[in-house]
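Taking it in order: structure first as structure tokens, then the write-up.
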Amino acid sequence: MTHSHIAFSRSITVQPDTSQLYEVRRFVESVAADATLDSERTFDLMVAVSEACANAVEHSGSPGLPVKVKAACRGGRLVIQICDYGGFRLPSTANGFQRDHRGLGLPLMVALMDEVRIAKLSGGGTKVTLSVKLPAPALC
Amino acid sequence: MTHSHIAFSRSITVQPDTSQLYEVRRFVESVAADATLDSERTFDLMVAVSEACANAVEHSGSPGLPVKVKAACRGGRLVIQICDYGGFRLPSTANGFQRDHRGLGLPLMVALMDEVRIAKLSGGGTKVTLSVKLPAPALC
Amino acid sequence: MELSTSELAGTPVIRIRGEIDHGNASTLSTAIDDLLNTEQHVIILDVTQVDYMDSGGISVLLSALRRLRERGWLGIINPNANVQRLFQIVGLALDSSFRVFDDNAAAEQALRETART
Amino acid sequence: MELSTSELAGTPVIRIRGEIDHGNASTLSTAIDDLLNTEQHVIILDVTQVDYMDSGGISVLLSALRRLRERGWLGIINPNANVQRLFQIVGLALDSSFRVFDDNAAAEQALRETART
Ligand SMILES: Nc1ncnc2c1ncn2[C@@H]1O[C@H](COP(=O)(O)OP(=O)(O)O)[C@@H](O)[C@H]1O
Ligand SMILES: Nc1ncnc2c1ncn2[C@@H]1O[C@H](COP(=O)(O)OP(=O)(O)O)[C@@H](O)[C@H]1O
């Protein structure tokens with residue numbers, strides 16, 4: 001039996017503002033539909049991508065530089081890459097103890113995805129690669 | 001000019017106890033020396049591997065099951081894999097607000113390494129892959 | 001995201017509609033803080049019409065929970081299956097000060113029981 | 001990891017020797033807590049002989065710092081280059097309540113200045 005192949009690659013670039021996350025999720029939703037993900041995995045992917053984009057916007061320290069989101073369906077997986085052009089840095093402790101949240105973004109991405117990969121870009125910046133396995137029979 | 005190739009693969013398995021971290025670092029130190037890493041990158045790698053192993057021991061919820069650490073020098077990189085056989089899970093909030101620390105492990109690994117990859121093992125468990133670029137001319 | 005406030009058995013209820021993320025969580029946070037400052041023991045969020053939530057929203061719930069924990073609890077009405085799963089993943093589902101209800105009636109009953117004690 | 005306690009200008013100093021990690025951080029934590037409970041305004045850690053530290057150790061420093069912040073500061077004597085780099089990476093280096101000194105003499109001078117104010 002051969003599988004149908006619908007390998008594709010699509011991308012969007014958004015301004016580094018958290019108001020753009022809504023837009024990014026519409027992109028993820030559409031890509032997930034193309035890859036025939038069910039609503040549960042689509043939700044997981046929307047959350048993981050939103051977390052990665054929120055981090056790029058809030059932490060990378062590259063005001064004005066856009067965030068790139070690229071989706072590809074290949075090897076039985078839907079893979080989404082989020083790139084920013086700032087620098088990966090930890091928050092200073094100087095005001096650290098007032099922070100209400102608990103650094104949920106990275107652990108949540110890992111908990112939801114089949115694989116998370118975080119690499120430094122050579123020119124500075126961070127590339128987060130999120131991937132979910134597609135249900136068998138894999139469509140790409 | 002051709003580079004000398006010293007590709008290698010070495011591994012150790014330790015009991016799931018944080019008292020073993022000292023031992024794991026001696027392994028990392030020895031592997032880093034084989035790959036001719038300088039003392040700064042060796043320190044970074046020791047920290048990142050210790051964090052990954054500490055997580056495997058403290059969070060994976062697999063008491064008794066060993067933690068595997070595998071090092072390979074290839075493609076101009078020193079790559080260390082840490083596998084546990086528990087499940088990736090976030091801490092409950094029930095006692096969450098007493099926690100003193102701030103979830104530094106994952107961000108610290110990312111800050112120190114050139115690439116961090118976290119994948120779910122199919123039988124349950126987590127595989128963390130840490131990699132550092134070797135100084136040119138690459139030795140493997 | 002749209003917010004509207006009402007009451008259930010004397011307890012404030014915020015009805016949320018739409019998606020809660022890192023872009024709009026501060027709006028929700030402000031609304032909750034206003035209620036927390038009135039010394040309410042319990043606050044209820046009706047999330048029937050919330051399609052999406054991420055750690056932007058979870059952080060707001062955690063802050064509210066931290067302040068309510070000693071005096072009462074935080075109630076959530078009718079999260080959809082995905083949001084409920086998120087509560088499980090982030091460890092909120094096991095928290096006894098974080099109470100999830102299927103509908104208004106169930107929340108109301110819990111409020112009456114809390115009032116009695 | 002070995003700990004020994006002494007004093008510098010009336011302020012307690014813990015000398016640490018070896019590697020601080022997730023396996024032994026609680027020992028250091030206990031030693032620091034004992035001093036914090038005596039209402040000390042300043043605590044000094046001499047890390048001259050600390051070869052290695054990770055977030056196990058950093059967490060202990062953060063807890064100490066949180067308790068000392070309002071009443072004084074946390075002093076560190078002579079971290080090696082790698083440990084100092086770690087302080088930078090985790091954002092401690094920018095914290096004005098976290099003070100790093102090259103040697104005993106520098107720490108002592110800072111203590112005398114603090115005592116004067
Ligand atoms: N793209 C990025 N650029 C720079 N720093 C980042 C990036 N992503 C994450 N970080 C750092 O890692 C930390 C942990 O991220 P995360 O787990 O998402 O928690 P949070 O965003 O709630 O702080 C952030 O506080 C930030 O310091
Ligand atoms: N190997 C693992 N197995 C299970 N859960 C893990 C693992 N590694 C990390 N986690 C989860 O991710 C969270 C964040 O990890 P980390 O950033 O290292 O912070 P910390 O260990 O200080 O909580 C942990 O609290 C834990 O819930």
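Every chain is numbered from 1 and lettered A, B, ... according to where its sequence line falls, protein lines coming before strand lines.
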Distance-only, no hydrogens or angles: does the C/D103 side chain make a donor-acceptor pair with backbone N or O of C/A106 under 3.5 Å? yes

Can you confirm if the NZ or CZ of C/R85 lies within 45° of the ring axis of A/F43 and under 6.0 Å from the centre of its six-membered ring? no

When the 4.5 angstrom heavy-atom criterion is applied to C/D51 and chain A, the contacting part is backbone

State plainly whether the residues A/R41 and A/D38 are in salt-bridge range, i.e. N to O under 4.0 Å. no

Please state whether the side chain, the backbone, both or neither of A/E58 comes within less than 4.5 Å of a heavy atom of chain C. side chain

Top of A/S19, A/S50, A/G105 for chain C proximity - count of heavy-atom pairs under 4.5 angstrom: A/S50

So, the side chain of C/T38 versus the backbone of C/L35: is there a donor-acceptor pair under 3.5 Å, distance only? yes

